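Lettering follows sequence order; numbering is per chain, from 1. Just so you know, these numbers come straight off a predicted model, no measurement behind them. Hydrogens, waters and symmetry mates play no part in the numbers below; they use all other heavy atoms, side chains included.
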Amino acid sequence: MPIRVYNSLTQKKETLKPLKKGKVGMYVCGITAYDVCHLGHARAAVNFDVIYRYLRQNGLDVTYVRNYTDIDDKIIKRSQETKMPWQELTQRYIAEYQEDMLLLNVLTPTLEPKATDHIPQMVEGIQKLIEKKKAYEANGSIYYSVRAFKDYGKLSHKNIEELEAGSRVEIDETKKDPLDFALWKAAKPGEPTWDSPWGPGRPGWHIECSAMSTHYLGMPFDIHGGGRDLIFPHHENEIAQAEGTGSKKFCGYFLHNGHVNINAEKMSKSLKNFKTIKEVAAEHTPEVVRFFLLSVHYGSPLDYTEKNMQDAKAACDRIYLLEQRLETIPPAKKAGPPQPKGELEKALAKSLKDLDKKFKTAMDDDFNTAAALGAIFETVRLYNKYLDARGGETTPFAQWARERWEAQRECYHQALGILGLKSSDYFAQWKKAGAQTKKIEVAWVEKKIKEREEARRQKDFKKGDVIRGELSGCGVELKDRPDGTTEWHFR
RNA sequence: GGCGCGGUACCCAAAUGGGAAGGGAGCAGUCUGCAAAACUGCGAUGAGCCGGUUCGAUUCCGGCCCGCGCCUCCA
């Protein structure tokens, strides 16, 4: 089954055809390392992580490059404000980002190049553009001559005349045309600089990505990704830079993820309406954060609200609660044949069988994680239904079904990066998070539960219920098991 | 103003030219000492509005309204 992707370049869903059989080159714009990252950055990282994972699961040899921008205006500004050398600043936030990625179970890309390690490649690229009359020098800076590139606007589907008409670009006298953008910025006092044929200076923002992507992946390469907000001007300019030097195509498929909104507005640093990855993960657990990010198609906007996070938790709980039930079924010594008997077993066996197909169909269709999760829940319901009816006894079918489910779950885990925890670990994450946000000691809860158990043993149900009420008021939910023990979790 | 994306039940959210998955919330029930969880049942005769194409449209086309994003740094 072919994988189809929505290509921003053509604005259509297309079959993904790798340039080299069995291999995919993918470049995704990473972060500018000058501050901590928020949920919006997490979304981009997680979405492309899923794409990376899924392509690999389909046997493709993916070279995944995700860069770090470690020199730009914001970095310089922040460095001056904080009196921290820019190298130290960027190193610090790259490290923070890597912690965030680890937290969210994002795989490390094949390569994570930094802009400042590729100045020669950028200089070389700029030189070529000058040779091709696509760029010019002005006061030690080099600008791209946008009008010299006839395909300018083909990604963002803008045309130059209209851009100019509605231009909000501030007039810069050194540029020949307001639309032109800097490839190389002449040194200013106190700023980090590199030598170049045009004197000391530093690269513009866009050149690093076309330089690094083509350096590592060649030209053309298969997939270029990033947030929607990068379509213009960043990716548009990358195309101009890469394709301006010749007739070769830059990249076949541009994939863009939607933004994370908060109160129906884009989450962003400048609006100060962001939640950092660490904040959200501490409050809602990394697993649920990731689940939340995958509960919607990657191209659509996603609203961060307390309600939506709770819904995501409830949904995610549902899967881990099933897991908890299944853990009581002893694993089979040998993987016997299913031999389903009765309607429920047959229905479950069929559902398990169909699920792989449904999952694949959903994922093949532009990585539709929302639909894939939907399919999983259909099976979860049938599984619970079967378990309710089964009684406690261990049958070969129950063991077969468990093994089958675990194997499938592992496959979905590989692709999505969620649903891979032991249920006890998942709920332990919640106890930790709940204890923090609700300011309740886990030990205190457990002491209360012991008191209640004692009361119940003495048939003092009234006292037991009082304790439960007390705990419930603190957001602690109890679940009495048949064996007399009590499981608990934060609501 | 230009370009792009979207408007599906109380909320979130998929698919689809033949009449709408899934999750949450709600109500009723089964189970449980009581709960919780789970399960069962109920819930859009209609998909922003209006036209058109079609035997048939939520799905295609056109218009309108509304929201969001980009056009300046941005995942």
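Both stacking criteria are satisfied for A/Phe461 over the base of B/G33: a centre-to-centre distance under 5.5 angstrom and an angle between ring planes under 30 degrees.
Checked for salt-bridge contact, A/Arg4 and A/Asp364 miss the test: no charged N lies under 4.0 Å from a carboxylate O.
For A/Arg318, the listed nucleotide lying nearest its side chain is B/G24; candidates were B/G24, B/G4, B/A75. The side chain of A/Arg381 lies closest to B/C39, out of B/A37, B/C39, B/C73. The side chain of A/His41 sits closest to B/A75 out of B/A75, B/A35, B/C3.
If you check every strand for non-hydrogen atoms under 4.0 Å, A/Leu478 touches a base. Contact annotation for A/His259: base contact, defined as any heavy-atom pair under 4.0 Å involving a base atom. Using a 4.0 Å heavy-atom criterion, one finds that A/Asp465 contacts the bases of the nucleic acid, with or without backbone contacts as well. Within the 4.0 angstrom heavy-atom criterion, no nucleotide atom of any strand lies near A/Arg481. A/Lys266 comes within 4.0 angstrom of a base, heavy atoms only. Residue contacts for A/Gly227: at a heavy-atom cut-off of 4.0 Å it reaches the sugar-phosphate backbone alone, with no base atom in range. Using a 4.0 Å heavy-atom distance criterion, A/His234 is classed as making no nucleic acid contact. Using a 4.0 Å heavy-atom distance criterion, A/Asn368 is classed as a sugar-phosphate-only contact.
Base pairing analysis places B/C27 opposite B/G41; the two distances defining the Watson-Crick or G-U wobble pair are each below 3.5 Å. Across every strand in view, B/G67 sits in a pair with B/C5 that passes the Watson-Crick or G-U test at under 3.5 angstrom. Remark: B/A57 base-pairs with no nucleotide in the shown strands. Criterion, Watson-Crick or G-U wobble with two distances under 3.5 Å.
Side chain to side chain, A/Asp365 and A/Tyr6 fail the donor-acceptor criterion of an N or O pair below 3.5 Å.
Applying the 4.0 Å criterion to OP1 and OP2 of B/C5, one finds that A/Arg228 has every side-chain N and O outside that range. Side-chain nitrogen and oxygen atoms of A/Tyr6 include at least one within less than 4.0 Å of the OP1 or OP2 phosphate oxygen of B/C5.
Judged as a ring-ring contact (aromatic ring centres under 6.0 Å, His included), and not counting sequence neighbours, A/Tyr304 has no contacts.
The distance from atom NE2 of A/His297 to atom P of B/G23 is 21 Å, rounded to the nearest whole Å.
Only A/Lys307, A/Asn308, A/Asp311, A/Ala314, listed by number, bring a heavy atom of residues 305-314 of chain A to less than 4.0 angstrom from any atom of RNA chain B.
Judged by a 6.0 Å distance limit and a 45° cone about the ring axis, A/Lys448 is not positioned over the six-membered ring of A/Trp488.
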